[in-house]
Each structure stands twice: as structure tokens, then as C-alpha cells.
Number of protein chains: 2
Amino acid sequence: MAIDNSLLSGSTTLLVLKLLEDGEMYGYQMIEELRRRSDRTFELKAGTLYPLLHTLEQQGWVTAREQSGSDTARPRRYYALTEAGRGQLAQKEAEWRTYAAAVTQVLEGGACLA
Amino acid sequence: MAIDNSLLSGSTTLLVLKLLEDGEMYGYQMIEELRRRSDRTFELKAGTLYPLLHTLEQQGWVTAREQSGSDTARPRRYYALTEAGRGQLAQKEAEWRTYAAAVTQVLEGGACLA
DNA sequence: TCTATTATATAGACAATCGATATATCAGGA
DNA sequence: TCCTGATATATCGATTGTCTATATAATAGA
């Protein structure tokens with residue numbers, strides 16, 4: 001099922017930081033990996049990701065390393081989490097859990113609370 | 001914990017429709033009820049809700065009934081779900097579950113999938 | 001030759017939320 | 001009495017996040 005784009009809003013940063021938790025990745029790879037891990041639910045667009053990566057870099061949450069491989073058409077920019085980025089990831093993960101729990105509570109809690 | 005505003009984006013319509021599932025409500029009441037049901041996680045702003053309600057009405061998902069009670073300072077606009085609105089609610093609820101499951105999968109799935 | 005894939009980048013359009021402001025009444029404290 | 005806060009709805013402009021479209025450039029395959 002294709003989900004409403006607007007649902008994605010706000011969680012994209014979390015998802016991108018999460019991808020970098022286990023090691024560096026380049027942008028195009030992130031799009032593919034995110035699609036794979038989410039069973040095609042998330043099909044992040046290039047026009048969304050690249051500006052976001054630049055923002056994350058400016059904020060000091062990731063660092064970039066350009067690798068102009070001879071085999072690739074265009075040099076890849078590998079991104080890695082900084083310590084600050086790890087902190088942000090932890091915080092955004094906690095925020096997500098709070099948010100998701102609250103939505104679930106509204107959806108299931110219905111009329112009666114203790 | 002106060003969550004990032006942008007996380008709310010896209011789920012607001014779902015939450016509002018859900019509130020109306022059990023009967024009609026007016027705007028101000030929805031703000032309070034949503035805050036209560038979510039344990040203060042959702043503090044929907046008036047500037048967000050009222051334009052949204054007008055949109056929902058235009059789309060035919062809710063109907064409005066104005067009640068100028070003698071005891072209230074200003075007449076209340078009571079909103080109720082239409083049949084189309086119920087359909088939308090069901091669809092948005094399904095979308096939410098798909099989306100939330102995908103985020104959880106990315107957060108927990110990590111590197112290894114079967 | 002032409003198209004698709006890999007790989008990054010930017011500009012402009014669009015949607016959703018917010019803060020600020022407006023209006024109007026009533027209750028309660030200083 | 002005056003002033004603040006709560007009740008109740010409404011609109012405007014700013015900000016943010018995502019998208020589509022476009023650009024560039026090399027390589028593989030039909």
C-alpha cells in the first residue's frame with residue numbers, strides 16, 4: 001500500500017540517521033536500502049534526500065567523504081554519523097516511540113480511560 | 001515529552017476523524033479531548049484545527065451544525081462524520097498501521113533481514 | 001542509437017503546521 | 001473596578017518538508 005506522503009514528514013531524518021548507525025553510506029544507497037528495509041513502503045525521492053543530507057551535514061550530525069572511484073560514473077559522497085548525530089538519533093527514536101504510542105492510544109483507547 | 005511538530009504532519013486528519021467516530025464534537029472540545037487521550041502528547045493548535053475542519057467539510061467527510069447556546073459566549077460548531085468520512089477514517093487508519101510498521105521495521109530490523 | 005541505471009544536485013511548487021492576531025463573553029482575583 | 005484567563009471560532013503570513021522536474025555524466029544493454 002502506498003502511504004500518504006505527508007505521513008513521512010518528520011520521520012525522514014530519523015530513518016536516515018538510523019541507516020548510518022551501522023556504518024557509512026552514500027545517498028543513492030540509502031534510498032535503495034530504505035526501500036528494501038521497509039518492504040517498499042518508503043520510496044524516498046532524490047530531491048528529498050540530497051538537500052536533507054546537506055542540512056544534516058551543516059548541523060554537524062553527519063560528516064561527508066567524497067570518493068571518486070574510477071569505476072563509478074560520478075563520485076560518491078559517503079556519509080557517517082558524528083557523536084552529535086548519534087545523540088540526535090537516540091532522541092529522535094525516543095520521540096518517535098512517544099508519538100507512535102500516543103497515536104495508537106487515540107486509535108485504540110477510544111472513549112474510556114481509567 | 002514534547003514531540004517534534006513535523007511528526008504530527010499527516011496524522012492530524014486521522015486523529016480528528018477518529019475523535020468523531022463515537023459522535024459529534026465541536027472544535028475546541030476536540031483540542032482538549034485529543035490532549036487528554038494522548039496524555040498531553042498532542043496539543044493541537046487552534047490555527048491548525050479550524051482550517052482543517054473547513055477542509056474536511058468541503059471534502060464531504062464531515063457535516064457541521066451550528067448551535068448558538070445561550071450559555072456559551074460564542075456559538076459552537078458541532079461536527080459529525082459522514083459515510084464518506086467513515087470510509088476515509090478506515091483508509092487512513094490502515095495507512096497509519098502500514099506506515100508505523102515500516103518505521104518500526106527500519107528501527108528494529110537493522111542490518112539483517114531473512 | 002536510444003533508453004535505463006547509477007549518482008548527485010538544485011529550483012520551484014505544494015501541503016501542513018505554527019504563531020500571531022482578531023472577536024466576544026464570562027468568571028475570578030487583585 | 002480592572003485585568004487576566006478560559007471558552008470558542010476564525011484568518012493571515014511564515015516556516016518547514018516533500019515532491020516533480022530538470023541538469024549533468026558515465027556505462028550497460030536492447
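Quick caveat: nothing in here was measured; it's all calculated off a predicted structure.
At the heavy-atom level, A/Pro51 lies under 4.0 Å from base atoms of the strands shown. Nucleic acid contact class of A/Gly27 (heavy atoms, under 4.0 Å, all strands): sugar-phosphate only.
Looking only at atom types and distance, the side chain of B/Arg86 has no donor-acceptor partner in the side chain of B/Gln88 under 3.5 Å away. For A/Arg97 and A/Tyr99, the side-chain atoms include no donor-acceptor pair closer than 3.5 Å.
Under a 3.5 Å cut-off, the side chain of A/Lys92 and the backbone N or O of A/Ala90 do not form any donor-acceptor pair.
Note: CD1 (B/Ile31) to P (D/dA10) measures 11 Å, nearest angstrom. In this structure, A/Leu56 atom CG and D/dT16 atom P are separated by 15 Å, rounded to whole Å. Distance CG (B/Leu49) to C1' (D/dT11): 14 Å, rounded to an integer number of Å.
For A/Arg76 against C/dT6, a side-chain-to-base donor-acceptor contact under 3.5 Å is absent. Within 3.5 Å, no donor on the side chain of A/Arg77 pairs with an acceptor on the base of C/dT8, nor the reverse. For A/Arg74 against C/dT6, a side-chain-to-base donor-acceptor contact under 3.5 Å is absent.
Checked against D/dT9, D/dC19, C/dA9, the side chain of B/Tyr26 finds its nearest nucleotide in D/dT9. Of the listed nucleotides (C/dT8, C/dA9, D/dT9), C/dA9 has the atom at the smallest distance from the side chain of A/His54. Here the nucleotide nearest the side chain of A/Thr48, chosen from C/dC18, D/dT7, D/dC19, is D/dC19.
In this model, the phosphate group of C/dT8 is approached by a side-chain N or O of A/Tyr50 to a distance below 4.0 Å at OP1 or OP2. The side chain of B/Ser9 contributes no N or O atom lying less than 4.0 Å from OP1 or OP2 of D/dT16. Look at B/Thr12 and you'll find a side-chain N or O under 4.0 angstrom from OP1 or OP2 of C/dT17. Residue B/Tyr28 places at least one side-chain N or O closer than 4.0 Å to OP1 or OP2 of D/dT7.
With a 6.0 Å radius and a threshold of 12 heavy atoms from other residues, nucleotides or ligands, A/Glu66 has its CD atom above the threshold.
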